[in-house]
Trainee: 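Before we start, here is the structure in question, set down as structure tokens.
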Amino acid sequence: MQSVGEGVLVMNTARQIQLFNPAAARLTGWDAGSATGLDYRLVLNLRDAAGSKLTDVSDPISQVWKSGKNVVSTDLTMETKAGRKVAVQISLSPIISNNSITGAIGLFRDISAEKEVERQRNEFISTASHEMRTPVAAVEGYLSLAMNPAVATVDDRAKGYLDKAHSATQHLGELFRDLLSVTKMQDGHLAGEEYFDLGALAADAASDMKFTAQKKGLDVQFGSADEKVRKDNSILPVYAVRANPQRIREVIMNLLENAIKFTAAGSIRLSIGGTNDSVTVAVQDSGIGIAAEDVPHLFQKFYRIDSSATRTIGGTGLGLYLCRSIVEHSGGRIWVESKIGEGSTFKFTLPRQASEKIVTKKAETMPAAIPTVASAAASAAPNSSGGVMTDIKKPVAAR
Ligand code: ADP
């Protein structure tokens, strides 16, 4: 412990430091003698991503006490005794003796340099994607015009090439849009959290997706196990949550889009339910299903399953990664239950809030895409990507 490069501390269940190694002293500026016996939060002076001091609830150690498992946090900032702010990774593990937790061991290290490299990389990707979206939207617009028989005349062979170019451009636009969302997510641009009714938002998303599903001969049903039927009106309880409603809507839309994409026949069901503490949304399909070995990787960046069933279906592999980032950032969890050939159910939960917290304003919907030459012409043009994603995913840059 004396020679370990990482800061190591041992605390009791009252969070008082019992042991403090030389690296911990070097990183914090506190010597072991003064640190011993003090609350570890006071010595490390930790702040969360929003810059607020850790409360008993936001302190990652509270999860260790609750779960009895190791918890790793990479978005905390430590302030040294001299007032220097340092991004730290801290890993906290319970010390268990005779089946009860008697304390915890914490390992921490300075990750400021890694964070800076990540920030620069994100900034580069975000600027590049933003700049490239405009010319891509222009190319897509002109291709749509060239394919529109009311505007231009092309022979069948040329139309085939244009079709391919159009769908490749659409894919490129989607990729830029998803990359931008990912970098925004990583930069913590999730402001705009508010209290809203997740039930109303989910019902709205389901009805918006009905049309897209119908184009493929599928139906999107919406319901809840907690539904109370009064005369002929279904009344849903209020499922209050606190998050950014536009981003959560993006999550539901993404899951519904995937369900439609990977289902050839049958139906899609969006349901919502809750306990006192949490609200769960489930998107169930009767599609191709997912093999058990792919499940652990599904929510990773750029992961796409390469099989004969999926090879012809377009996508960027960023959708589920984004869903996970948004849900986890909002204090929730996302997972999938699936069997190959029998369909999949994607579920996510968010912490439930008191319904009185929702103020009069109804959950907003995503801003509609600004119509451009591309979108106007595309509505008249045949849809080369199979007609599934166009309405929702179509990236149209404001020009
Ligand atoms: P994309 O759909 O753009 O490829 P996602 O991150 O949304 O990216 O999904 C990653 C992969 O997970 C998909 O390529 C697909 O192989 C698989 N997948 C996602 N949703 C489903 C589903 N409902 N049924 C079967 N496979 C799915």
Side-chain angles (χ1 to χ4, degrees), residues 129 136 167-186 202 205-206 209-210 212-213 216-222 247-271 280-329 333-348 366 384-395:
S129 330
V136 167
S167 79
T169 323
Q170 259 183 343
H171 179 77
L172 201 59
E174 271 165 28
L175 196 61
F176 289 147
R177 185 209 53 185
D178 286 356
L179 276 174
L180 250 182
S181 305
V182 166
T183 47
K184 269 193 201 149
M185 210 34 256
Q186 285 167 343
M209 265 320 211
K210 265 188 185 298
T212 310
K216 217 182 154 185
L218 297 167
D219 184 32
V220 178
Q221 295 152 7
F222 173 75
R247 284 347 262 303
I248 297 298
R249 190 170 205 279
E250 237 175 88
V251 172
I252 300 178
M253 286 306 218
N254 247 312
L255 297 179
L256 285 172
E257 278 167 8
N258 278 348
I260 296 170
K261 260 204 307 189
F262 298 103
T263 304
S267 63
I268 317 288
R269 185 171 166 77
L270 174 65
S271 54
T280 304
V281 173
V283 177
Q284 184 178 11
D285 66 51
S286 54
I288 59 173
I290 299 158
E293 71 248 33
D294 288 311
V295 168
H297 309 289
L298 275 191
F299 298 92
Q300 289 166 2
K301 241 187 254 181
F302 296 115
Y303 191 81
R304 306 198 65 224
I305 300 167
D306 186 22
S307 72
S308 53
T310 57
R311 208 158 291 147
T312 54
I313 303 172
T316 62
L318 285 169
L320 289 177
Y321 171 75
L322 258 175
C323 289
R324 194 191 73 190
S325 311
I326 295 170
V327 168
E328 287 182 356
H329 192 94
R333 202 163 71 77
I334 185 166
W335 71 99
V336 63
E337 292 156 11
S338 183
K339 226 173 177 184
I340 199 106
E342 290 180 21
S344 317
T345 306
F346 282 83
K347 293 186 182 174
F348 73 87
M366 287 247 288
S384 46
S385 62
V388 180
M389 313 282 292
T390 327
D391 293 297
I392 311 298
K393 274 209 169 170
K394 193 166 171 357

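Each ligand, and each atom within it, is numbered from 1 in the order the structure gives.
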Trainee: For residues L318 and K301, determine if any side-chain heavy atom of one lies less than 4.5 Å from a side-chain heavy atom of the other.
Mentor: yes
Trainee: Out of D178, I305, V283, who gets a non-hydrogen atom closest to atom 16 (O) of ligand 1?
Mentor: I305
Trainee: What distance separates K210 NZ from Q221 CD, expressed to the nearest 0.5 Å?
Mentor: 7.0 Å
Trainee: Taking 4.0 angstrom as the limit and counting only heavy atoms of L298, give me the atoms of ligand 1 inside it, by number and element.
Mentor: 12 (O), 17 (C)
Trainee: Does an N or O anywhere in K261 fall below 3.5 Å from an N or O of ligand 1?
Mentor: yes
Trainee: Below 4.0 Å from ligand 1: does a non-hydrogen atom of G317 turn up there or not?
Mentor: yes
Trainee: Indicate the atoms forming the closest heavy-atom contact of G266 with S286, along with that distance.
Mentor: CA-OG, 3.5 Å
Trainee: Given I290, L322, L255, identify the one with the heavy atom nearest to atom 26 (N) of ligand 1.
Mentor: I290
Trainee: Mind checking ring pair (Phe, Tyr, Trp, His ring centres under 6.0 Å) for Y303 and listing every partner two or more places apart, or none if nothing turns up?
Mentor: H297
Trainee: Between R177 and E174, does at least one N-O distance fall below 4.0 Å, as a salt bridge requires?
Mentor: no
Trainee: Would one find an N or O of Y303, backbone or side chain, under 3.5 Å from an N or O of ligand 1?
Mentor: no
Trainee: What are the two closest heavy atoms between L270 and A206, and how far apart are they?
Mentor: CD2-CB, 3.7 Å
Trainee: Which distance, rounded to the nearest 0.5 Å, do you find between the CD1 of I326 and the OH of Y321?
Mentor: 11.0 Å
Trainee: Could an N or O of ligand 1 be found under 3.5 Å from any N or O of L320, whether backbone or side chain?
Mentor: yes
Trainee: Pairs of nitrogen or oxygen atoms closer than 3.5 Å, one from G319 and one from ligand 1: do any exist?
Mentor: yes
Trainee: Please indicate whether any nitrogen or oxygen in Y321 is less than 3.5 Å from any nitrogen or oxygen in ligand 1.
Mentor: no
Trainee: Tell me whether F299 reaches ligand 1 (any heavy atom closer than 4.0 angstrom to a ligand atom).
Mentor: no
